[in-house]
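Count residues from 1 along the sequence. Whatever order the structure lists ligands and atoms in, that order sets their numbers, starting from 1. No hydrogens, no waters, no symmetry mates; every other heavy atom, side chains included, goes into these values.
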Amino acid sequence: MGAQRIDGKLIATKKRQAMKSQIESMKQQGYVPGLAVILVGEDPASISYVKGKIRDCKEVGIYSELIQFDVTVSEKQVLEQIEILNANDKIHGLLVQLPLPDHISEQKVIQAISPEKDVDGFHPINVGRLVTKQEGFVSCTPAGIIEMLKAIDVPISGKHVVIVGRSNIVGKPAALLFLNLDATVTVCHSKTKPLSKYTKQADILVAAAGSEALIHANDIKPGAIVIDVGMNRSASGRLVGDVAFEEVKEKAGYITPVPGGVGPMTRVMLLENTLIAAMRQHEKAGKQ
Ligand code: NAD
């Protein structure tokens with residue numbers, strides 16, 4: 001019997017539907033959630049991600065602003081723009097599309113964003129809040145993975161979760177989220193040898209290495225839940241994950257497709273973080 005496919009696209013669509021009525025009720029209370037996106041340069045992938053984010057906002061009724069800079073913009077100008085948006089009360093969520101050109105420090109830019117508006121969850125204050133299990137913002141991809149598992153009622157407590165990848169935006173926050181939900185977590189990376197020794201032990205395997213067909217059927221336990229975060233271009237130009245889908249789906253219990261799995265969940269979690277930011281800021285303003 002093959003694996004059940006986890007339809008991230010459908011789960012995300014349902015979440016967006018629910019958000020529309022939530023946003024309506026915010027509007028009745030006199031405020032509209034707002035997201036600002038800063039884009040530097042003309043990297044085609046970044047342009048396409050940013051366009052998607054603005055389109056998603058429009059679809060659910062979130063106010064959005066796109067601020068575009070030429071690739072030659074100075075770090076100072078970007079930091080000044082962030083200050084303006086930090087002070088703008090129509091904007092509750094603010095992100096700078098990464099990567100940035102080499103002359104602009106990503107860490108300086110991330111740390112200039114008000115932690116209360118940091119809907120990407122990249123600010124060290126929000127990372128620290130995640131580490132210490134406090135309320136903050138969590139990076140959208142790992143948050144989307146948890147949301148997806150909740151949507152299909154997969155228990156996480158006590159499960160062995162193996163994560164392949166230790167980046168700041170996917171692997172590490174995913175490890176912390178699962179740990180906070182009482183999973184036993186193993187984090188693998190490019191120096192882990194042999195990788196399959198660990199992946200075979202996973203009840204839940206999260207593949208986030210950015211390496212096509214890294215995970216084969218031999219690398220997993222029968223019935224495992226396989227979450228494929230990878231987004232790679234195959235030789236034929238097709239979007240593929242890190243998991244050899246056709247063979248792994250015969251052995252796994254659940255599996256996410258690429259595209260249509262983690263990607264749409266990442267997108268919808270940015271909207272969710274923006275709503276949460278708006279609610280928190282509205283509440284705080286009411287108390288002042
Ligand atoms: P990254 O390059 O920052 O990190 C990759 C991690 O994988 C590193 O920790 C590295 O040590 C590890 N790794 C690489 N090759 C490995 C191997 N052969 N064996 C074991 N570990 C290995 O990448 P990232 O930003 O975390 O993204 C990972 C992948 O997920 C990429 O394909 C990216 O495009 C994709 N991604 C998808 C979404 C989405 O919404 N679906 C969001 C973010 C990233």
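The closest approach between a heavy atom of Ala208 and any atom of ligand 1 is below 4.0 Å. Residue Gly263 places a heavy atom under 4.0 Å from ligand 1. Residue contact annotation: Cys188 has no non-hydrogen atom under 4.0 Å from ligand 1.
Residue Thr192 does not touch ligand 1, judged by heavy-atom distances below 4.0 Å. Of all the heavy atoms of Leu214, the ones lying under 4.0 Å from any atom of ligand 1 belong exclusively to the side chain. Only the side chain of Ile169 comes within 4.0 Å of ligand 1, counting heavy atoms alone; its backbone N, CA, C and O stay farther away. Counting heavy atoms closer than 4.0 Å to ligand 1, residue Thr141 contributes side-chain atoms (C-beta onward) but none from N, CA, C or O. Counting heavy atoms closer than 4.0 Å to ligand 1, residue Ser190 contributes atoms from both its backbone and its side chain.
Protein heavy atoms are absent from the space less than 4.0 angstrom from atom 2 (O) of ligand 1.
Those atoms of ligand 1 that come under 4.0 Å of a heavy atom in Gly165, given as number and element, are 6 (C), 7 (O), 9 (O), 12 (C). Close approach of ligand 1 to Ala209 (heavy-atom distance below 4.0 Å) involves ligand atoms 5 (C), 7 (O), 13 (N), 14 (C), 15 (N), 16 (C), 22 (C). Against a heavy-atom cut-off of under 4.0 Å, Val164 is close to the following atoms of ligand 1: 20 (C), 21 (N). Numbered from 1 in the order shown, with element, the atoms of ligand 1 that lie under 4.0 Å from a heavy atom of Thr266 read 39 (C), 40 (O). The ligand atoms of ligand 1 that sit less than 4.0 angstrom from a heavy atom of Asn232 are 32 (O). Of all atoms in ligand 1, listed by their number and element, those nearer than 4.0 Å to a heavy atom of Val170 are 26 (O), 43 (C), 44 (C).
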### Task
Mind running salt bridge (charged side-chain N to carboxylate O under 4.0 Å, His left out) on Arg233 and Glu212 for me, showing each step along the way?
CA-CA 8 Å; Arg233 283 283 159 203; Glu212 181 181 352; over 6 Å; no
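Under the side-chain contact (heavy atoms from CB on, under 4.5 Å) rule, Val119 has a single partner from Leu275, Leu271, Leu270, which is Leu270.
The heavy atom nearest to atom 8 (C) of ligand 1, out of those in Arg166, Arg233, Met265, Lys193, is found in Arg166. Considering only non-hydrogen atoms, atom 31 (C) of ligand 1 lies nearest to Gly210 out of Gly171, Gly144, Gly210.
For ligand 1, the polar-atom distance check against Ser167 finds a nitrogen or oxygen pair separated by under 3.5 Å.
By the 30° and 60° cut-offs, the orientation of the rings of His282 relative to Tyr31 is parallel.
Using a 4.5 Å heavy-atom cutoff, the side chains of Met265 and Ile145 are not in contact. When side chains are defined from C-beta on, Thr256 counts as touching Met148, because their heavy atoms get closer than 4.5 Å. With a 4.5 Å cut-off on side-chain heavy atoms, Leu95 and Lys53 count as touching.
In terms of hydrophobic clustering, with Ile, Leu, Val, Met, Phe, Trp and Tyr side chains grouped at heavy-atom distances under 4.5 Å, Val268 and Met231 are assigned to different clusters.
Interatomic distance, His92 NE2 to Ile276 CD1, rounded to the nearest 0.5 Å: 13.5 Å.
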